[in-house]
Participant: 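Structure in C-alpha cells, see below.
Each chain gets a letter, A, B and so on, in the order its sequence line appears, and its residues count up from 1. Only a predicted model underlies this, so the values are computations on that prediction, with no experimental measurement involved. These values consider heavy atoms only, across backbone and side chains, with no hydrogens, waters or symmetry-generated copies.
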Amino acid sequence: MIPAAFEYVRAHSIDEAIAHLQQHGGDARVLAGGQSLIPAMRFRLARPAVLVDINSVRDLSYLRASDGVLEIGATSRDSDVERAGWIGDRRWSLIHDVSRVVADPVVRQMGTVVGSLCHNDPSGDWTTAALASRAEVVVRGKAGARTVPIDEFLVDSFTTAVGEGEMAVAARFPKPDDRTAGSYQKIERKVGDFATAAAAVQISLNADGTVRAAGIALSAAGPCALRVDEAERLLVGREPRDETIRAAADAASRRSAPQADLRGGVDYKKHLAGVLVARGLRQALARLGARA
Amino acid sequence: MSTEPKPGGSLGVAMKRKEDPRFIQGKGRYVDDISLPGMLHLAIVRSPYPHAGITSIDISEAMRVPGVRAVITGKDLEAAGLGWLPTFHGFDKQMVLAIGKVLFQYQEVAAVFAESRGAAADGAEAVHVEYAPLPVVTDPFAARTDQVILRPDREKKTNHIYHWEVGDKDATARALRTSPRRISQRIWFQRCHPAPLEPCGCVAQFDAMGRLQFYVTSQAPHVYRTALAIVTGIAEDKIHVISPDIGGGFGNKVPVYPGYVCAIVGALKLGRPVKWIESRTENLTSTGFARDYHMDVEIGATDDGRMTALHVATTADHGAFDAAADPTKYPAGMFGIVTGSYDVPAAHAEVDAYFTNKAPGGIAYRCSFRVTEASYAIERAMDILADELRMDPVEVRRKNFVRKDQFPYQSRLGFTYDSGDYQKALDVALEKIGYKELLKEQTAKRLRGELMGIGFSTFTEVVGAGPSKHFDILGIKMFDSAEIRIHPTGAGIVRTGTKSQGQGHETTWAQIVAEELGLDPQNIMVEEGDTDTAPYGLGTYASRSTPVAGGAIAMAARRVREKAKKVAAHLLEVGEADVEWQDYKFQVKGVPAKSVTMKEVAFAAYTNMSQNEPGLEASYYYDPPNMTFPSGCYVAVVDVDRETGEVKVRRFLAVDDCGIIINPLIVEGQIHGGLTEGFAIAFMQEIQYDSDGNNLNTNFTDYLLPTSLETPHWETAKVTTPSPHHPIGAKGVGESPNVGSPAAFVNAVIDALSPLGVRHLDMPITRDKVWRAIRAAEAKTALA
C-alpha cells in the first residue's frame, strides 16, 4: 500500500494555494484532512501528481456565525463542529447528529466538513446533511469567489462544481430559526463504515404546528446524496401527523436508488431509506416537543 | 483475588502482564522494526485472475524502474528446485510463484527486489503479465463434479483432496433410521480470516558465516527452521529463525508463505538482506483463511429428547492448495469433537475436501484444528433438535450431557475426555443470567410482537496437541519443551519451544516456575522464539502452550527442585531423604524451623555446593499423555429490530472451565478477546468470492473488525475441574471463547426469530439477512 510518486507543496495562503492549483490543473489535488484522499492514494486509486496542502493556510480554520449563516472554513475538522459551544442548541441538531457519526472519532480529528463535501462520496454524511440544511459552498478561483447552492455543487459521484484551478474555501449553513430541529439517522455495520443507509431530516414548524420548511435527504441512495423533494413537498403546510410521515417515508423509499453491495441488497436499502426518514422526522418532532 | 506477585503461591494470582509496559509504550520490537544495513525490499506481483494460464511475463519495464535490483518468477524458482513448497501435513504442495498458471486471485506471480518499499511497489506495478483466463470454480459442490480439473499437476485428476471419517457408520445409519424423531440441517461455517493486526512478514539475511538469519512472524519458529532446511536444502545448523514480538497470530502465522521463500532466495541471489512485509490486502487475500465447512448434520432422538445418533457429512472448501495446517494423521483436524458435550450412543463424522479457485488455507483460527466448526455444528443442531421437539434447548442439552461421573469419558468418535462438569457450568450460567426472568420477559415481548432471543452454547473443546502416538507435523511429534536456569541470586530464565503472540507467556510461564520453585515471578525471565537458544518445540497454536509447554515448564522446574534438594540437604546437614519441600521451602522432615529457601539454595548451588555438580538448571521435553478438554456454557441475550434487522446483543455471559487457572487476569483477557472475535464471526466476517472468483473482502472496509463501540459487554464466570493428567491441572483457555461463542450468538438470533418460523440462518448474521428472514415470514403469514 504505497502511493505512486507525487509532489507535495504547502500553501500558506488561499492565493498561494490557488496559484499552485492553476499551475498544475487537473494533476493537482487539495490536501485538507486527507482521510479519503490518502487511503485512495495508498491503493493507487487516486494518483495526483501534486498535493497542495492547505493545512498551513491560517484563515481557513474557523466556525463563524454571522448574518444568519454558519460558515465552516475549509480546514475546520469534524471534531471542531462536534465540540463547538453552540452545538447543543436544538436548531443545530441535524449538524450535531452528523458530527458525531461521521466515520470514527480518530478520523474526525483530521477529516473536514468542506473536504467531505468536495469528495462527494455517494455514502457521504456531510453532503446529505448539507442538502437537508440547504447549505452553500464558497468556491474560490483566480477570478474571485462564487457561492454555489449545494444542489448545484454536488454534480455526480466524486464530482463537484469545483473547477480546475479552483478550491472550496467554506461551507455556509443557514442558521435555522428556533422552531427548527433535525435528525440524522444512519445504519452502519460498524463505526467507521460507510452508511448502509442514512437519512438527514430538518423541519421548521409554524406557530400553529404546521410545517413551514422541510429538508429531507438520503445518503448511499444514488450516485451522490439525494434530496427527496416529494417528501419535502408532502410535509410543508401540513401538520406532521403519522400518515404524513408515512407518506414522506414512502416517497423516500421510492426515490432511493441504491447499489447492492456487501452492506445489503437494493430492496433492503430502499426499505431502510423509508424507515430512517420516518425515524428522523419523529425524532426531530420530539426534539421540538411536537407529537406526530 | 490477589494481584500481587510473591515468592511461591504464584498460581492463580492476577499479576499484571510483565510484557505490557513494553507494548503500551510502543517499545515492542516487531519484524517491521528490524532494519539491516543494505537491506532490500520485496514486493510481490499478484494475479488479478482467479484461474488463468500465464502466457508471458515481461519484466523489462520493471527492471528500468529506479531502485529495482531484480525480479524473479516461478520459472526462476523452478530452475533452482524451489518452485513448490510442501504444505505442513505433507499431502500437498503449493506453488511459491505461479508456474504455468494461477489458481486464485492475488496468487503470487513474481517477486520484485528494490532499494525502497516504494521502488519495489513501482516495480511490481511495471511487471507485465499476460493471462489466458480459464473456467473458474468457486463452489466446492461444483468442484465435486470434476468438470474442470484445477490441479492437473497432481497424480489423481480430480478436485477431491481426501475423504476422512471416524465413528461407526453402519450403527449410526441404523440408529438414525429407527429414531422416532430426526432433524437434518446443512450448516455452513463461512470462510473467515484471522486478520492479525500485524500482517505477516520477514527479514532474511545471510551473515558473514553464510548462515541464514531469518526474522519472521512465526508462531512455530522451530518448525520453520526444519521446514526451511527441508525445502531449501540449507543445513539446519546454518539456519537461525528468530520470531520477535508478534502482533497477533490466531493460526495465520503457522504456515510458511511464498513471500518467505522469495525473501530468502533474494537474499541469497543478491547478497543483501531482504525485507518482506505484506499489506493488509495481501494478508486477507493470500494467507491462511479459516473454516469454510459445509456441514450436513443429522440427529436422531427419542420423543423425550434423548439423542440416539449423530451423523455429520462435511464438504470442505480448501481453495487452490491443501495448505490446511493440521497434524499429519488428522486431515480434518479434531473434527471428531463434533459429539460435543453429549453422550451420543452412535456417531459418525466424515469430511470430503475439494480444491476451488480460492486462496489456500484452512488454518486453525484461534481453535484447535476444526474444533470451532465441530462445536458450532453440534451446538446449532441441538437448538434445531429442541425446536423440532418443542422443548427448551436447555433441557435437551441437560438430558444429553456427559455426566460428571462418566469422566474420563470415551466418546464414540475416539477421544477420551479428561474431566468436566457440564451440569454445574449450566446451573451457574442459568442462575447468573437469570434465565427464568428472561423467559418471562420474552413471553411478554412475544405477545407484543417484539423479537427477543436467548441462545446457549454448551461446548467442549479438545486442545493441547498432542500425545506423540497420534500427533506430528512433518513427522515431528507434537511435544513441547522447557529449559530453566536459576541464577545464583535466585532469579532465573525459562526458555520454551512456544511463542507468544499476545497470550502473555512472559508472565504465565514465570508464574509456573515461581510456583514450583518458591521464587519471585518478577525475576523469572521468559525467552521464546529464538531457535539458537530455545529448546525445540512445536510452537503456539491450537491452545497447546499451557497444556503442553506449560506441562514441560512445571516438569523442568521439578527437575530443578530435585537437584536443589541435594544442595538443601547439604545446607541443612541432613541426608537427602530427610529433606522435604513444604510451603515453598526445603525443610528437615517434620521440622519447619529447620528450613532453607530456594533463594538460599540457588546461591549455594554456585558457592557452596559440596559434592554436588555446580549450577542449577534443567530441561524437560513433555509428551502429553492425553489432550485436555476445556468446556463452557455461554449465553447470549439479543433484541432484534423488526424494521431494520439490527441485532443488539444485550447480554453475554461466558462460564468457562479451563481447569486450574495460572493467571485469572490473563484468562479474563483471553476470554474477552476471543468473544469479540466470535462476535465478529457471528455478525460481520466472511471472506466472500463472487461467482467469477473475485475476492470481495480485501481490506478492513469490507472485512470488518468490531471496535469497542460495537462490542457487547462481556460477563464471565468460572467452573473448575482440573485436568487429571496435566502437571498443574490446567487445560488452556485462549480459544474457548472463539470456539464456543458463535453458536450462542446465532442460537439467540434464531430464538428471537423462531415465532416467525425461522429455524436456521448461516453466519454472518447480517442485518440484510435478518430483515429478509423476517420479511419472508411476514409474507407467508399474509398469504395464510
Side-chain angles (χ1 to χ4, degrees), chain A residues 1-6 35-36 39-45 47 100-101 103-108 121 123 185-199 220 245-246 249 253 258-280 282, chain B residues 41 43 65-67 114 116-126 199 277-283 641-647 679-680 683-688 690 695-711 764-775:
Chain A
M1 296 300 108
I2 310 284
F6 61 91
Q35 298 301 296
S36 298
M41 287 172 65
R42 285 169 67 92
F43 283 113
R44 299 194 172 198
L45 296 170
R47 311 177 72 125
R100 287 181 296 184
V101 299
D104 61 47
V106 181
V107 168
R108 295 201 289 272
D121 191 290
S123 308
Q185 298 282 331
K186 180 179 182 177
I187 288 197
E188 54 187 357
R189 296 174 300 176
K190 63 170 274 194
V191 164
D193 187 24
F194 292 106
T196 302
I245 290 173
R246 271 206 300 272
S253 257
Q259 299 264 336
D261 60 16
L262 297 171
R263 293 172 186 83
V266 168
D267 50 351
Y268 175 57
K269 291 182 175 185
K270 282 175 82 73
H271 164 79
L272 283 185
V275 170
L276 297 184
V277 164
R279 287 184 181 180
R282 290 203 177 93
Chain B
H41 296 264
V65 170
S116 68
R117 229 176 246 195
D122 289 347
E125 206 177 37
I277 303 291
E278 65 181 7
S279 68
R280 175 61 52 201
T281 298
E282 290 179 295
N283 181 257
D641 184 325
R642 247 188 140 109
E643 272 189 323
T644 63
E646 283 175 289
V647 177
F679 169 72
F683 293 107
M684 298 178 176
Q685 296 183 336
E686 180 185 354
I687 295 286
Q688 211 177 328
D690 68 15
N695 188 320
L696 303 179
N697 309 79
T698 61
N699 57 52
F700 282 164
T701 306
D702 290 313
Y703 192 78
L704 304 180
L705 266 55
T707 70
S708 58
L709 289 159
E710 292 79 38
T711 303
I765 305 283
T766 61
R767 294 165 175 82
D768 178 275
K769 219 180 258 181
V770 172
W771 176 74
R772 270 171 219 290
I774 294 170
R775 199 178 59 156

Participant: With a 4.5 angstrom heavy-atom cut-off, which part of A:Asp267 approaches chain B: side chain, backbone, both or neither?
Facilitator: both
Participant: Thinking salt bridges, do B:Asp768 and B:Arg775 make one under a 4.0 Å N-O criterion?
Facilitator: no
Participant: Need one label for B:Glu643: side chain, backbone, both or neither, based on atoms under 4.5 Å from any heavy atom in chain A.
Facilitator: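 Looking at B:Glu643, backbone and side chain both touch chain A.
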Participant: Return the option, out of B:Thr707, B:Thr766, B:Leu704, B:Leu709, with the maximum number of heavy-atom pairs under 4.5 Å with chain A.
Facilitator: B:Leu704
Participant: Which region of B:Asp641, side chain (C-beta onward) or backbone (N, CA, C, O), has a non-hydrogen atom less than 4.5 Å from a non-hydrogen atom of chain A, or is it both or neither?
Facilitator: side chain
Participant: Rounded to the nearest 0.5 Å, what separation is found between the CG atom of B:Leu705 and the OG1 atom of B:Thr711?
Facilitator: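 B:Leu705 atom CG to B:Thr711 atom OG1 measures 9.5 Å (nearest 0.5 Å).
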Participant: For A:Arg279, which atoms come within 4.5 Å of any heavy atom of chain B: side chain, backbone, both, or neither?
Facilitator: side chain
Participant: Would you call B:Glu125-A:Arg47 a salt bridge at under 4.0 Å N-O?
Facilitator: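 So B:Glu125 pairs with A:Arg47 through a salt bridge.
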Participant: Given that the side chain runs from C-beta out, which part of B:Gln688 has a heavy atom under 4.5 Å from chain A: side chain, backbone, both or neither?
Facilitator: side chain
Participant: Any idea which of B:Gly118, B:Ser279, B:Ala121, B:Ala120 has the most non-hydrogen atom pairs under 4.5 angstrom with chain A?
Facilitator: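 Top option by heavy-atom pairs under 4.5 Å: B:Ala121.
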Participant: Is a donor from one side chain sitting under 3.5 angstrom from an acceptor on the other, for B:Glu278 and B:Asn283?
Facilitator: yes
Participant: Yes or no on side chain to side chain contact (heavy atoms under 4.5 Å, CB included) for B:Asp702 and A:Arg263, after CA distance, side-chain angles and deciding distance?
Facilitator: CA-CA 9 Å; B:Asp702 290 313; A:Arg263 293 172 186 83; 4.2 Å; yes
Participant: Any idea which heavy atoms bring B:Trp771 and B:Thr644 closest together, and the distance?
Facilitator: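 The pair with the smallest heavy-atom distance is CB-O, 4.3 Å.
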